[in-house]
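So that the names make sense, note that chain A is the first sequence line, chain B the second, and so on, each numbered from 1.
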Amino acid sequence: VIRRRDFLRAGAGATAASLLGGAGLAALGLAPGAARAGDYRALVVLFLTGGNDGHNSLVPTDAAYNDYQAARANLALPKASLISLSGSAAGHTFGLHPALAPLAPLYGQGRLAWIANAGPLVRPATAEQVRNSAVDVPAFLGSHSDQVAIQQGWTVQDDQSGWGGRGIERLPDSLRNPLGAVTMSNNRTLVQGRSSAPAFLDGFTIPADWGMLRLDNMASAESQAIQRFSRKQYGQTYANEYARSLQSSLDDSLLFTQAAQRAKQPTADFGSSDLGTRMRMLASLLPVLKADGYRRQVFLVEWGAFDTHANQRGSASETQDAQLVHVAQAVAGFDEAMRAAGLGDDVAMLMMSDFGRTVRPGSGGGSEHAWGNHWFALGGTVQGGTVHGTFPSYALGGPDDGDPASNGRHVPTIATDQVGATLMQWLGLPASELHAVFPDLANFGQKTIPLMRG
Amino acid sequence: MTTTRRAVALFACAALLAACSGDRSQAPPAASNSSGQVAAAKSYKVSYYAAARFAEQATFGPTPALIEELRTKGFAQWIDEQLAIPPAVVDVAPLQIPDRSATPVEHAYVRVTFGNMALKAPDQLRLRTVWSLSQFIVIGRRVAEPMAKLSWMQMLLDNAFGNYGELLRKVSIHPAMGNFLDNAQNRPKSAECPHCAPNENYARELMQLFSIGVMKLNPDGTPKRDAQGRIQETYSQRDVEELARVLTGWQYVFNDTGLRWNWGNWLKPMVPSPWPPERDSGQKVVMGRVFPAGQSAPKDLDDTIDLLMKHENIGPFVALRLIQQFVTSDPSPAYVKRVADVFRNNGAGVAGDMKAVLKAVLLDAEARQGDEPSKLQPGFGKYREPYLWEWAAFRALGCQRVFGTNYHLQGPDLDPYRNPVQEFLNQESVFGYYLPTDRSPATNVLAPEQRLVAADELSARMNQFNNLNWNVQTQKMDGKLYQDAGCNLAPLVVAFEKSPRAFLDYLSATFFRGAMPQSARRQVEEAIAMGVSSQTPPAEGALLALGFALTLPDYGVQQ
């Protein structure tokens with residue numbers, strides 16, 4: 001059965017890379033099995049959509065638990081249910097939400113660190129200053145869409161780029177490659193550059209089949225024709241934008257298709273969630289990309305429905321309790337797969353979210369939008385087994401509560417920019433470029449935190 | 001899915017619904033955008049091109065009959081007639097099942113019902129308005145009960161041509177929204193409920209997403225700036241907390257239907273709780289407006305709507321969203337202001353008159369300038385979002401009903417082979433599929449729908465039509481799904497068999513306003529020459545080429 005002509009040019013050597021023009025792998029000296037393969041680092045940002053309640057993710061188990069229990073009331077996790085973390089840190093002992101149990105051994109192995117009370121800041125600010133409106137604070141606090149963008153590096157201008165995308169753009173040329181900034185959903189601020197668009201990676205299937213075109217058979221005249229049409233310029237703004245979307249989608253999908261053809265499925269258990277599926281896809285591709293000589297990549301993985309104004313606890317599918325099970329499975333599976341593939345020290349993950357939630361519960365068994373939040377970082381080069389930063393007080397109206405109405409909205413003590421700068425520096429961003437990527441860091445004496453080894 | 005890669009059966013002409021000769025009497029002159037050449041004796045008010053373009057903006061897509069109607073009546077008369085059609089009453093009976101064992105058929109009922117209406121119902125402007133409103137006044141997939149969504153859809157249908165303030169009031173007490181953004185659980189702290197505190201979810205999004213937005217706006221929609229050039233926030237966290245107090249005390253109507261899934265009594269608006277502890281009746285102050293102590297929940301809600309409708313942001317806020325939905329992603333401030341002015345005052349002193357606002361959006365000189373192709377402004381237009389792209393294509397192919405309703409795959413869908421990027425009332429969160437402020441990466445062009453047009457969507461577009469040719473039951477490329485959906489592929493296939501030129505003329509008339517650009521014609525011709533062999537069954541070749549043509553930038557945006 002012949003559906004189309006067979007355009008294979010036997011032995012002509014028309015490789016996909018050559019079709020990619022100046023942006024192709026060949027042009028960058030990258031090719032499958034390239035000799036320089038080895039120096040590879042990838043940052044995976046797991047963004048829990050909606051505002052994950054950090055207060056119920058990492059919980060103090062010493063005397064501070066009493067403050068926590070009193071303030072959180074019906075949201076409080078029973079002390080006996082918490083999964084103990086080894087040792088003490090930041091002046092406390094800690095336990096994890098029971099659903100996060102798979103992360104406790106990683107903490108014990110020194111691969112996983114928590115970052116206490118982190119969030120966006122324009123400049124260092126105390127809760128008292130915030131209560132008295134005596135300090136600049138980020139715009140639109142409490143707004144999901146704006147805080148997601150600001151956490152990811154939006155500077156509240158028409159330019160909607162994020163810190164991952166800007167950071168990748170400012171790496172030394174020797175560390176640049178295609179697919180430098182990648183999103184695994186239709187959200188993308190973090191990985192959007194000032195002048196470069198992120199690639200899109202479908203976590204479920206890499207589309208090789210484009211109607212008349214198959215990306216796994218690019219050595220065909222039809223494919224070349226389609227490459228040509230996707231490069232046409234249009235005089236109209238929107239037609240031209242669409243043409244760019246089409247062109248970059250084809251280019252990126254081609255590279256992902258090539259990698260997928262050689263990818264091996266990890267044996268680790270990622271759980272059954274959509275997040276697990278995406279993390280599995282990513283875990284299958286990274287070893288191939290490393291072997292192909294890619295150098296630096298940032299991936300944005302957004303997932304979840306963590307805006308738990310109500311029904312935060314319990315077993316229904318969109319409670320925090322239920323969703324954290326999927327998070328832990330996917331994260332632990334990913335870490336296991338990376339180590340199995342020999343990338344345990346090459347990949348770092350940062351978990352963050354829109355914002356933290358109020359300490360006080362709300363009607364309906366949930367909590368409201370707040371500000372500072374607890375995140376974690378994971379990887380072989382993470383300074384793990386500890387809690388970085390200063391753990392906040394759970395007293396409503398206490399020293400860390402920036403809310404004049406005493407709802408428990410913590411003012412961050414570590415800035416998002418400080419965490420981002422630490423990780424981008426780990427990827428190779430020169431110190432001289434930090435302020436270009438993180439403009440508000442100019443207001444901070446301390447630019448990074450001791451989150452990463454070496 | 002790789003179904004298209006399997007066996008190929010000859011697509012017999014007889015399998016097509018219409019006769020092989022096709023019905024081409026409605027086609028315009030090939031590759032022409034001039035008016036009146038088909039029926040020279042008849043005098044039309046607008047050109048074929050302009051009518052097709054208007055149909056892209058105001059409906060789910062042009063059909064020959066709609067283009068003819070628009071040419072005959074002109075746009076203003078057509079809108080007036082559309083505004084006079086009463087809203088359909090959607091049949092709730094299929095969902096009145098005794099227990100909550102909703103099958104995929106029940107779960108698909110809302111999107112199938114809406115999809116069928118969008119394909120062929122005559123009140124296209126109302127339906128397109130419902131679609132547009134549903135993109136920024138969102139209930140999403142977390143509303144799990146089909147009846148809740150159906151009731152919401154009926155509310156949008158009933159209020160699409162009403163008053164925006166009244167729409168906001170109905171939204172605020174609709175049980176689906178009460179469920180989605182938790183206002184049905186919004187209770188103050190009390191002795192009876194010591195763990196309660198006002199739930200801020202609905203209060204915040206009512207302001208941020210449905211009415212005034214986070215930053216103060218000038219009447220033309222541009223942000224207000226202070227002396228230092230900084231934007232100004234519309235409301236504070238304190239205002240959110242206060243409005244949450246204002247909106248306490250609503251509950252679902254008691255479910256006396258005996259139907260367990262009807263726990264929210266989805267067809268009935270929420271009512272004030274009769275139990276005083278569930279309501280914060282103290283004084284509140286929101287954005288400077290005092291809500292006196294002792295007011296009832298309905299009075300507090302009426303005052304809230306009054307506050308929002310009098311806010312200077314709401315005109316440009318709604319104007320920008322509707323213009324973006326119907327016409328263009330980045331309208332001039334003057335266009336926004338003209339529509340906002342009509343929102344503020346319809347000419348008879350009424351604010352929020354949706355009929356007047358919709359006319360202002362669609363009949364504005366900026367919207368209509370490109371009716372003459374040579375006058376199209378370079379920055380005008382918008383991406384076709386996935387849903388509108390699909391529906392426009394299927395309307396153009398004459399499809400009569402949603403695909404796959406006879407099949408029990410994962411439930412009926414327009415395209416049972418495609419995991420839809422966008423569906424009716426199925427957003428992941430209240431922020432919808434895109435934001436009005438979304439800009440295209442790297443170029444910062446305001447293009448909200450752009451984020452949906454990534455590799456998954458684009459590859460699906462290329463495959464769309466040929467995939468639908470595959471019949472999973474017979475395991476053949478037999479066109480059965482098209483047949484069952486009532487589509488008429490005959491003109492497409494007949495033209496394809498006849499000659500490349502005939503095929504391109506057909507595409508031009510049917511999908512490109514009668515004016516398919518020469519460059520697009522060349523690309524499609526080249527793609528056919530390379531990608532379709534003489535042994536490819538004509539239907540398959542035609543459908544592959546159609547997918548290619550409609551994935552081109554010339555069709556992917558609406559200009």
Is any side-chain heavy atom of [X] closer than 4.5 Å to a side-chain heavy atom of [Y]?
X: A:F140; Y: A:V156; answer: yes
X: B:Y555; Y: B:W389; answer: yes
X: B:R461; Y: B:L550; answer: no
X: B:T234; Y: B:M207; answer: no
X: A:N407; Y: A:E368; answer: no

Of the backbone (N, CA, C, O) and the side chain (C-beta and beyond), which part of [X] lies under 4.5 Å from a heavy atom of chain A, both, or neither?
X: B:E200; value: both
X: B:N186; value: both
X: B:Y235; value: neither
X: B:L458; value: both
X: B:Q450; value: both
X: B:Q377; value: backbone
X: B:I231; value: side chain
X: B:R522; value: neither
X: B:A545; value: both
X: B:S429; value: neither
X: B:K382; value: backbone

In terms of heavy-atom contacts, does CD of B:E428 have more than 12 from other residues, nucleotides or ligands at under 6.0 Å?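 No - once you tally the heavy atoms of other residues, nucleotides and ligands closer than 6.0 Å, there are 12 at most.
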So which part of [X] gets closer than 4.5 Å to some heavy atom of chain B, the side chain, the backbone, both or neither?
X: A:D202; value: side chain
X: A:S253; value: side chain
X: A:R194; value: backbone
X: A:A139; value: both
X: A:E241; value: both
X: A:Q236; value: both

Chain A interface, residue from [options] that has the most non-hydrogen pairs under 4.5 Å:
options: B:G547, B:G379, B:G541, B:A184; value: B:G379
options: B:L435, B:T328, B:L446; value: B:L446
options: B:L376, B:V453, B:L209, B:V240; value: B:L376
options: B:A520, B:P517, B:S329, B:A244; value: B:S329
options: B:P194, B:A447, B:P198, B:C193; value: B:P198

To the nearest 0.5 Å, how far apart are [atom1] in [X] and [atom2] in [Y]?
X: A:H369; Y: A:Q147; atom1: NE2; atom2: CD; result: 10.5 Å
X: A:L300; Y: A:Q192; atom1: CG; atom2: CD; result: 10.5 Å
X: A:F200; Y: B:D456; atom1: CZ; atom2: CG; result: 3.5 Å
X: B:T437; Y: A:D146; atom1: OG1; atom2: CG; result: 7.5 Å
X: B:Q324; Y: B:F136; atom1: CD; atom2: CZ; result: 10.0 Å

With salt bridge (Lys or Arg N to Asp or Glu O under 4.0 Å) as the criterion, how do A:R409 and B:E241 come out once you've worked through the C-alpha distance, each side chain's angles and the decisive distance to 0.1 Å? CA-CA 13 Å; A:R409 300 184 212 255; B:E241 293 168 18; 2.9 Å; yes
Who wins among [options] for the most heavy-atom pairs under 4.5 Å with chain B?
options: A:R188, A:H144, A:R360; value: A:R188
options: A:G365, A:A197, A:G364, A:A239; value: A:A239
options: A:N186, A:N187, A:N240; value: A:N186
options: A:G235, A:A149, A:P361, A:S245; value: A:S245

Under a plain distance cut-off of 3.5 Å, with no hydrogens placed, do A:R244 and A:Q233 share a side-chain donor-acceptor pair? no
Under 3.5 Å, is there a donor-acceptor pair between the B:Q558 and B:E449 side chains?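 Looking only at side-chain atoms, B:E449 and B:Q558 do not form any donor-acceptor pair under 3.5 Å.
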Does the salt bridge (Lys or Arg N to Asp or Glu O under 4.0 Å) test come out yes or no for B:D239 and B:R204, once each step is laid out? CA-CA 9 Å; B:D239 290 320; B:R204 178 184 297 280; over 6 Å; no
